[in-house]
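See below for the structure under consideration.
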Amino acid sequence: MFQTIKQPLAIVRRLGRSFMITDANPAFVQLCGYEREKLPHIPFRHLFPRIADLRGAVLPEDFTETIIETGTRAQKPILLDVKPLETNSDGGPYYLLTATDLSAEHWLEQQSKSGKSFYVGIMDTHYIVRKFHVNYAPAVEPADVTLLNHSIFDFLNVAEHEQIKAQMRQCVIDKTQRDLFMHTLRFDELSELALRSTICPIYDGFGEIECFAFSIWEMQESSSSEQSSTKLKIWMAKRDLSASQLSLSTGISLQTISKLRNGKISKPQRLTAELIASELRVDVQEIWPELVRR
């Protein structure tokens with residue numbers, strides 16, 4: 001069972017004032033980039049150079065955020081959980097190490113902290129979205145569109161699939177993140193959206209592609225006749241404002257704002273438009289170009 005668990009696991013034995021990995025499952029082998037039979041011969045301090053108090057032959061128990069230095073000499077941030085095991089008849093204390101790779105999570109945190117990302121997520125090498133997080137809600141897509149556990153290409157313009165895949169393959173080869181421009185399919189009453197995103201390849205301990213982290217940081221309607229309702233949703237998402245919050249701050253009824261967002265009111269009164277635009281810190285014409293400046 002130990003060998004079939006997808007979480008990286010390793011068994012460590014203390015030998016005097018040092019430690020040695022005596023066994024590891026395939027997930028740990030992939031994380032560290034050393035074959036299983038070689039791990040007992042890799043100095044423990046080389047694998048975990050930042051774990052404190054190794055000289056005192058003490059492993060930090062419970063969860064510790066640290067790094068693992070892989071076989072390719074890359075340093076990967078990990079969350080390490082150390083649990084003591086029952087002592088065997090040979091007398092040496094044993095520990096169970098459970099590791100979680102934080103490489104993708106750290107990249108997503110950086111993108112989220114930048115303040116410009118609408119969405120961040122992780123997809124596997126088959127382009128299936130395994131994690132999806134909304135930084136600014138509500139989103140512009142319909143509520144029934146769910147990316148999680150679906151291929152990202154289920155939501156993108158079919159004519160662009162091969163080009164996007166080629167760009168992603170190139171960023172894997174170049175070992176660098178890449179900005180991509182793409183278009184969505186048309187969903188319900190929403191027009192096709194033009195997206196700007198950043199894709200970052202994440203590698204395992206052997207230097208092989210493991211997954212992709214991504215950030216979507218710009219959205220706009222791609223048609224020349226952009227719907228004001230969609231643009232209003234986008235600017236509300238950028239400012240992280242809900243309909244009720246916008247209603248409260250402008251004094252405009254929630255019913256009116258909902259109708260503007262749903263396209264039931266295409267051209268509001270000028271005062272209404274100015275109040276909303278002022279709260280969103282944007283020119284009126286950015287949302288309602290038909291309202292000419294006075």
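Note that the structure is a prediction, hence the values are computed from the model and not measured.
Rounding to the nearest 0.5 angstrom, the gap separating the CZ atom in Arg169 from the CD1 atom in Ile209 is 13.0 Å. Atom OG1 of Thr66 and atom CD1 of Ile51 lie 5.0 Å apart (nearest 0.5 Å). Atom CG of Asn157 is separated from atom CG of Leu193 by 12.0 Å, given to the nearest 0.5 angstrom. Atom CD1 in Ile128 sits 13.5 Å away from atom SG in Cys211 (nearest 0.5 Å). Annotation: the span from Ser117 atom OG to Phe214 atom CZ amounts to 10.5 Å, rounded to 0.5 Å. In this structure, CE in Met236 is found 7.0 Å from CG in Leu280, a value given to the nearest 0.5 Å.
Looking only at side-chain heavy atoms (C-beta outward), Val282 and Ile287 come within less than 4.5 Å of each other. Side-chain contact between Ile11 and Leu96: present, with at least one pair of heavy atoms (C-beta onward) separated by less than 4.5 Å. With a 4.5 Å cut-off on side-chain heavy atoms, Leu241 and Trp235 do not count as touching. The closest side-chain heavy-atom distance from Ile68 to Phe28 is below 4.5 Å. The side-chain heavy atoms of Leu97 and Phe48, taken from C-beta on, include a pair separated by under 4.5 Å. In this structure the side chain of Ile252 never reaches within 4.5 angstrom of the side chain of Leu260, judged on heavy atoms. For the pair Ile21/Phe19, no side-chain contact is recorded, criterion being any heavy-atom separation below 4.5 Å from C-beta on. Using a 4.5 Å heavy-atom cutoff, the side chains of Val129 and His150 are not in contact.
Residues forming a side chain to side chain donor-acceptor pair (under 3.5 Å) with Thr125 (at least two apart in sequence, or on another chain): none. In this view, Pro43 and Arg45, His46 satisfy the side chain to side chain contact (heavy atoms under 4.5 Å, CB included) rule, not counting sequence neighbours. With sequence neighbours excluded, no residue forms a salt bridge (charged side-chain N to carboxylate O under 4.0 Å, His left out) with Glu279. The side chain to side chain donor-acceptor pair (under 3.5 Å) test applied to Arg73 returns Tyr34, not counting sequence neighbours. Residues forming a salt bridge (charged side-chain N to carboxylate O under 4.0 Å, His left out) with Asp23 (at least two apart in sequence, or on another chain): Arg36. Partners of Gln167 by side chain to side chain donor-acceptor pair (under 3.5 Å), not counting sequence neighbours: none found. Scanning for side chain to side chain donor-acceptor pair (under 3.5 Å) contacts around Arg130 gives Asp124, Asn149, with sequence neighbours left out. Not a single salt bridge (charged side-chain N to carboxylate O under 4.0 Å, His left out) links Glu109 to another residue, sequence neighbours left out. Residues satisfying the side chain to side chain contact (heavy atoms under 4.5 Å, CB included) test with Phe153, not counting sequence neighbours, are Tyr127, Ser151, Leu156, His161, Ile164, Lys165.
A pairwise comparison of heavy atoms in Ser197 and Trp217 identifies C-NE1, 3.4 Å as the closest pair. When all heavy atoms of Gly207 and Lys175 are compared, the pair lying nearest together is O-NZ, 3.4 Å. Listed here is the closest heavy atom pair of Phe2 and Ala24: CE2-C, 3.6 Å. Heavy atoms only, all atoms of each residue included: Ile199 and Met168 are closest at CG2-CE, 4.3 Å. The two residues Ala277 and Val284 have their closest heavy-atom pair at CB-CG2, 3.7 Å. Taking all atoms of both residues into account, the shortest heavy-atom contact from Pro201 to Val172 is CB-CG2, 4.2 Å.
Ring pair His183/Phe181 is perpendicular by interplanar angle, where above 60° counts as perpendicular and below 30° as parallel.
In terms of hydrophobic clustering, with Ile, Leu, Val, Met, Phe, Trp and Tyr side chains grouped at heavy-atom distances under 4.5 Å, Phe44 and Ile67 are assigned to different clusters. Ile202 and Ile173 fall into different hydrophobic clusters, defined by Ile, Leu, Val, Met, Phe, Trp and Tyr side-chain heavy atoms under 4.5 Å apart, directly or through other members. A continuous path of ILVMFWY side-chain contacts below 4.5 Å connects Tyr95 to Ile42, so both sit in one hydrophobic cluster. In the hydrophobic clustering of ILVMFWY residues, with side-chain heavy atoms under 4.5 Å counting as a link, Phe155 and Ile216 come out together. Using a 4.5 Å cut-off between side-chain heavy atoms of Ile, Leu, Val, Met, Phe, Trp and Tyr, with links allowed through other members, Phe63 and Leu31 fall into different hydrophobic clusters.
Without hydrogens or angle criteria, Asp179 side chain to Arg196 main chain gives no donor-acceptor distance under 3.5 Å. One N or O on the side chain of Ser114 and one on the backbone of Gln111 form a donor-acceptor pair closer than 3.5 Å. Under the 3.5 Å distance criterion, the side-chain polar atoms of Asp283 are left unmatched by any main-chain donor or acceptor of Gln285. For His41 (side chain) and Leu39 (main-chain N/O), no donor-acceptor pair under 3.5 Å exists by modelled atom type. Judged by distance alone, the side chain of Gln7 and the main-chain N or O of Ala99 form a donor-acceptor pair under 3.5 Å.
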Side-chain donor-acceptor pairs of residues 76-84 under 3.5 Å, sequence neighbours excluded:
| from | atom 1 | to | atom 2 | distance (Å) |
| --- | --- | --- | --- | --- |
| Lys76 | NZ | Asp101 | OD2 | 2.9 |
| Lys76 | NZ | Ser103 | OG | 3.3 |
| Lys76 | NZ | Tyr203 | O | 2.6 |
| Asp81 | OD1 | Lys83 | NZ | 3.2 |
| Lys83 | NZ | Asp62 | OD1 | 3.0 |

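Heavy-atom contacts from other residues, nucleotides or ligands closer than 6.0 Å to CD of Gln3 number more than 12. More than 12 heavy atoms of other residues, nucleotides or ligands lie within 6.0 Å of CD in Gln75, so this atom counts as buried by the packing criterion.
Leu108 shares a hydrophobic cluster with Trp107, Val120, Ile122; the chain of contacts runs through ILVMFWY side chains whose heavy atoms sit under 4.5 Å apart. Connectivity analysis of hydrophobic side chains (ILVMFWY, heavy atoms under 4.5 Å, direct or indirect) links Leu15 to Met20.
Checking Gln245 against Ser242 by side-chain atom types alone, a donor-acceptor pair falls below 3.5 Å. Checking Ser112 against Asn135 by side-chain atom types alone, a donor-acceptor pair falls below 3.5 Å.
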Quiz item: What's the verdict on side-chain contact (heavy atoms from CB on, under 4.5 Å) for Glu274 and Trp288, showing C-alpha distance, side-chain angles and the deciding distance?
Solution: CA-CA 10 Å; Glu274 288 176 347; Trp288 296 284; over 6 Å; no
